[in-house]
Colleague: 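Sharing a structure with you now.
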Amino acid sequence: MENQDKLLNDITTKEYEYGFVTDIDTDVIPKGLSEDVVRLISAKKKEPEFMLEFRLKAYKAWLKMKAPEWAHLKIPPIDFQETIYYAAPRTSPKYESLDEVDPELLETFKKLGIPIEEQKHLAGVAVDVVMDSVSVTTTFKKVLAEKGIIFCSFSEALIEHPDLIKKYLGMSVPITDNFFAALNSAVFSDGSFCYIPKGVRCPMELSTYFRINTAGTGQFERTLIIAEDDSYVSYLEGCTAPMRDENQLHAAVVEIIAMDRAEVKYSTVQNWYPGDKNGVGGIYNFVTKRGICRGESSKISWTQVETGSAITWKYPSCVLIGDNSVGEFNSVALTNHHQQADTGTKMIHIGKNTKSTIVSKGISAGQSDNSYRGLVKVMPGAINARNYSQCDSLLLGSTCGAHTFPYIEVGNKSSIVEHEATTSKIGEDQIFYCNQRGISTEDAIGMIVNGYAREVLNKLPMEFAVEAQKLLAISLEGSVG
Amino acid sequence: MLSIKNLRASVEGKEILKGINLEIKAGEVHAIMGPNGSGKSTLANILAGKSDYEVLEGEVTFLGQNLLELSPEIRSRSGLFLSFQYPVEIPGVPMVNFLKASVNEHRKFKGLDPLTAGEFLKLMRAKKDMLHLDTELTNRSVNEGFSGGEKKKNEIFQMAMLEPKLAILDETDSGLDIDALRVVAEGVNALKTTENATIVVTHYQRLLDYIVPDFVHVLYKGRIVKSGGKELAFELEEKGYDWIKNGEN
Ligand SMILES: Nc1ncnc2c1ncn2[C@@H]1O[C@H](COP(=O)(O)OP(=O)(O)OP(=O)(O)O)[C@@H](O)[C@H]1O
Ligand SMILES: [Mg+2]
């Protein structure tokens with residue numbers, strides 16, 4: 001018990017490591033939301049007419065909607081008129097070499113441990129860096145272009161490939177899907193667009209690092225990934241945010257469409273500012289992520305490691321339309337201090353022989369609250385559908401909460417849905433065993449927690465897995481004294 | 001090396017150790033025997049620094065330091081090793097990673113640089129060979145799904161990696177097959193020098209045929225009620241504990 005208390009204490013003394021602000025010129029529009037602001041955003045970005053219509057429709061729908069209240073979260077009232085809806089770096093040319101890039105920005109990446117030059121040369125990762133809202137650098141474009149792969153900022157795609165966007169935008173996540181998706185649809189500033197043509201295996205991991213950087217700016221990312229027949233892509237999203245006192249609203253939307261036999265892997269490491277140890281500040285993270293397996297035997301897998309944000313509201317989902325299509329959700333969600341997370345997935349089985357797997361590992365420490373919420377829905381026509389769900393919760397200390405809310409609806413008799421759930425406390429005996437071998441309690445906890453999450457971490461691409469492991473340990477670290 | 005004076009300790013309000021006195025010098029092997037529940041593992045755990053126990057009275061000096069004031073990890077790094085009676089499983093943590101962290105903590109404590117991956121693997125291979133340890137075991141998670149005997153072998157393997165000054169082997173023999181017992185005992189003997197010491201907790205004389213003790217102590221109801229040379233173990237094997245129990249009250 002004494003050990004537990006000490007541990008708790010240590011954990012609550014650890015402050016966020018990535019709390020710093022980059023001083024870069026930004027072009028900010030006045031705060032608040034109105035039809036004029038929506039028009040202004042669209043105009044600033046020189047968007048085609050259909051995009052403005054999409055935004056306005058979303059804005060009008062949003063006005064009539066209410067923020068969801070069903071999650072196991074205490075969400076302070078958000079004043080949407082106090083948020084700034086657009087900020088772009090003032091100087092945002094495309095750079096030919098890193099020498100031309102703002103040194104402040106490069107410094108930021110160094111602090112984050114993202115050696116961009118190394119990544120470019122060594123890891124074979126194309127990095128589309130989103131600093132605040134507009135793409136600053138895009139790399140590896142040429143290699144990708146040779147294969148016919150499009151990987152660019154959303155704004156750029158709107159100019160270069162408006163037809164693709166017009167066709168697919170809002171297909172996975174309709175404007176009226178939910179309050180935050182509607183808001184995003186109205187005001188999203190930028191994001192990434194990815195198109196993999198028929199039969200192409202993307203030769204490298206596509207990676208985007210997001211950062212929220214302007215005080216009081218809501219970050220509204222929009223990502224659209226289209227994988228044509230027989231294509232494959234692995235997409236990485238990773239993010240950290242500088243320390244802030246006021247809460248920052250974030251409402252991203254990610255849409256994926258997978259055609260016949262296409263496979264899309266989407267991996268996230270989310271490490272936005274979680275607030276301080278007293279629960280002051282931190283990002284409010286309301287994310288809508290959905291993939292549609294439209295084609296037969298297509299596959300979409302979501303893998304997420306969530307350690308940041310004050311509030312996380314996020315359910316990366318799969319709609320399995322194509323026969324034999326496969327959906328996967330692998331999640332590690334760690335909450336500490338006063339963080340709250342309500343995260344999980346929806347697996348909607350529509351096609352025959354569709355399969356889904358859910359592995360959720362929750363880790364709660366401090367005074368945090370961590371919920372898994374999942375829906376497995378098998379439609380009557382989805383004969384022989386299969387789902388396996390495993391939801392584990394690990395508690396560190398006795399002042400945190402872990403909850404599981406599984407919803408299962410099976411509309412036919414040939415389908416099998418399995419759900420397993422466990423809740424455990426971090427083992428004193430395991431910690432002592434490590435101690436006895438010379439490993440400190442802090443390191444032992446990092447190790448044990450990583451072991452607990454291994455099954456999910458193993459699904460991440462190598463370089464990401466290493467980062468995620470460090471992040472889990474760091475998020476629980478304190479100085480043992 | 002180790003000096004225990006009048007050690008009294010309780011767990012959950014129940015007094016388990018009722019005044020232990022024990023002196024161990026470098027180069028010695030001490031066997032501790034005694035009926036189930038007499039407090040052998042309790043003593044081992046207290047020496048290793050497990051927090052469940054409350055020390056009521058007494059002093060323990062290890063290599064000139066007040067042992068009871070040191071954290072468990074510092075005790076380990078200072079050269080105290082416990083081979084657990086029931087080694088715990090740590091799912092998802094590969095044995096290699098665990099051991100590497102352990103070995104490098106010990107090195108850091110001694111002011112040495114951490115081993116490179118290559119050096120570490122070489123060391124590991126040598127020690128595995130010595131104990132005829134299945135190569136595959138180190139790729140698995142710490143003790144996860146190990147058989148009883150494999151767990152015990154794995155403890156001694158870790159001991160071989162860390163080369164402690166004082167090793168406490170808590171019923172390391174139980175669960176080992178006859179061949180494994182010999183291999184493990186040979187391993188322990190190979191690690192023996194005039195600089196280190198071993199405490200062997202066991203119920204069976206058999207182990208002591210291989211690891212020959214200089215002293216044998218009988219722990220009964222939280223006290224060392226009898227000490228002697230290795231012949232005491234034979235006597236116990238023959239007569240059981242009743243004669244000691246009867247002699248006690
Ligand atoms: N954590 C604990 N909580 C409650 N009782 C305990 C605890 N640890 C030990 N005990 C009790 O202390 C007594 C001594 O236990 P200990 O494990 O030291 O015995 P032992 O001599 O090692 O026995 P064995 O030969 O069976 O291994 C037992 O009665 C045991 O139930
Ligand atoms: Mg015992």
Side-chain angles (χ1 to χ4, degrees), chain A residues 1-10 305 330 332 334 359 361 363 390 392-394 422 424-460 465-466 468-470 472-473 477 479-481, chain B residues 12 44-54 70-95 97-110 140-144 151 154-155 157-159 161-164 167-168 170:
Chain A
M1 243 10 252
E2 194 193 313
N3 211 357
Q4 290 265 342
D5 290 346
K6 200 169 104 220
L7 191 149
L8 250 176
N9 206 22
D10 297 340
V305 175
N330 303 294
V332 175
L334 182 153
V359 179
K361 303 269 182 183
I363 301 155
Q390 186 197 323
D392 299 327
S393 307
L394 184 68
T422 66
S424 51
K425 284 203 158 201
I426 195 157
E428 284 288 313
D429 286 354
Q430 293 174 331
I431 294 172
F432 180 62
Y433 191 82
C434 296
N435 288 160
Q436 213 305 300
R437 300 305 186 241
I439 299 164
S440 70
T441 297
E442 186 175 295
D443 291 347
I445 290 169
M447 214 178 231
I448 295 164
V449 165
N450 266 300
Y452 165 79
R454 169 99 30 210
E455 192 181 341
V456 171
L457 298 178
N458 280 348
K459 303 271 181 183
L460 291 172
V466 173
Q469 275 182 33
K470 278 196 219 138
L472 286 183
E477 220 169 65
S479 52
V480 177
Chain B
E12 289 172 5
N45 285 330
I46 288 173
L47 293 177
K50 195 161 196 231
S51 63
D52 305 7
Y53 305 89
E54 196 188 345
L70 305 177
S71 68
E73 61 269 29
I74 300 297
R75 296 182 198 198
S76 164
R77 294 172 202 165
S78 306
L80 188 146
F81 180 89
L82 172 60
S83 167
F84 286 83
Q85 182 173 4
Y86 305 109
V88 299
E89 306 193 354
I90 310 180
V93 177
M95 198 55 219
N97 298 16
F98 176 79
L99 254 185
K100 189 148 183 268
S102 171
V103 166
N104 283 334
E105 285 296 347
H106 280 247
R107 290 181 64 88
K108 194 161 85 192
F109 192 74
K110 290 183 194 132
R140 281 163 56 181
S141 298
V142 179
N143 292 321
E144 199 187 20
K151 281 183 184 165
N154 190 34
E155 293 291 289
F157 166 58
Q158 292 174 59
M159 173 184 163
M161 291 291 288
L162 297 174
E163 300 193 340
I168 305 167
D170 192 357

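Letters A, B, ... mirror the listed sequences (proteins, then strands); counts begin at 1.
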Colleague: Side chain, backbone, both or neither: which part of B/Phe81 has a non-hydrogen atom closer than 4.5 Å to chain A?
Modeller: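 Both parts, heavy atoms under 4.5 Å.
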
Colleague: Given a strict heavy-atom distance threshold of 4.5 Å, which part of B/Leu99 is in contact with chain A: side chain, backbone, both, or neither?
Modeller: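 For B/Leu99, there is no contact with chain A at all, as no heavy atom is under 4.5 Å.
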
Colleague: Using non-hydrogen atoms and a 4.5 Å limit, figure out which bit of B/Asn104 sits close to chain A: side chain, backbone, both or neither.
Modeller: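 It is neither, since no heavy atom gets under 4.5 Å.
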
Colleague: Please classify the contact of A/Tyr433 with chain B as side chain, backbone, both or neither, using a heavy-atom distance under 4.5 Å.
Modeller: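 Both backbone and side chain.
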
Colleague: Might you point out which heavy atoms bring B/Met159 and B/Ala167 nearest each other, and give the distance in Å?
Modeller: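 Taking B/Met159 first and B/Ala167 second, the nearest heavy atoms are CE-CB, 3.6 Å.
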
Colleague: Identify which part of B/Val142 has an atom lying under 4.5 Å from any heavy atom of chain A, answering side chain, backbone, both or neither.
Modeller: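 Looking at B/Val142, just its side chain touches chain A.
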
Colleague: OG/B/Ser102 to CD1/A/Ile439 distance, rounded to the nearest 0.5 angstrom?
Modeller: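 It comes to 5.0 Å.
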
Colleague: Side chain from CB out, backbone as N, CA, C, O: work out which of these in B/Pro164 comes under 4.5 Å of a heavy atom of chain A, or both, or neither.
Modeller: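 Contact with chain A is absent: no heavy atom of B/Pro164 under 4.5 Å.
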
Colleague: Does B/Lys151 pair with B/Glu89 as a salt bridge, N-O distance under 4.0 Å?
Modeller: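 Salt bridge present between B/Lys151 and B/Glu89.
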
Colleague: What residue, out of B/Asn97, B/Leu162, B/Asn143, has the most heavy-atom pairs lying under 4.5 Å from chain A?
Modeller: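 Option with the greatest count: B/Asn143.
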
Colleague: What residue, out of B/Ser71, B/Pro87, B/Gly49, has the most heavy-atom pairs lying under 4.5 Å from chain A?
Modeller: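 So the answer, after comparing B/Ser71, B/Pro87, B/Gly49, is B/Gly49.
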
Colleague: If you round to the nearest 0.5 Å, how far is CG of A/Leu334 from CG of A/Leu394?
Modeller: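 That separation rounds to 9.0 Å.
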
Colleague: Within the side chain of A/Asn450, is there an N or O that forms a donor-acceptor pair under 3.5 Å with the backbone of A/Gln469?
Modeller: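 At least one qualifying donor-acceptor pair exists.
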
Colleague: What verdict does the side-chain contact (heavy atoms from CB on, under 4.5 Å) test give for B/Met95 and B/Asn154, after you've listed the backbone C-alpha separation in whole Å, the side-chain angles of each residue and the deciding distance to 0.1 Å?
Modeller: CA-CA 10 Å; B/Met95 198 55 219; B/Asn154 190 34; 3.5 Å; yes

Colleague: Is there a side-chain contact (heavy atoms from CB on, under 4.5 Å) between B/Gln158 and A/Arg437? Walk through the geometry before answering.
Modeller: CA-CA 8 Å; B/Gln158 292 174 59; A/Arg437 300 305 186 241; 2.6 Å; yes

Colleague: Check each atom of B/Leu82 against the heavy atoms of chain A and say whether the ones under 4.5 Å are side chain, backbone, both or neither.
Modeller: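 Backbone plus side chain of B/Leu82, per the 4.5 Å heavy-atom cut-off to chain A.
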
Colleague: Return the option, out of B/Met161, B/Lys108, B/His106, with the maximum number of heavy-atom pairs under 4.5 Å with chain A.
Modeller: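 Heavy-atom pair counts peak at B/His106.
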
Colleague: Quick one: what part of B/Phe98 sits under 4.5 Å from any heavy atom of chain A, side chain, backbone, both or neither?
Modeller: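 Interface part for B/Phe98: both.
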
Colleague: Determine whether the side chains of A/Tyr452 and A/Asp392 contain a donor N or O and an acceptor N or O closer than 3.5 Å.
Modeller: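 Side chains of A/Tyr452 and A/Asp392: no pair found under 3.5 Å.
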
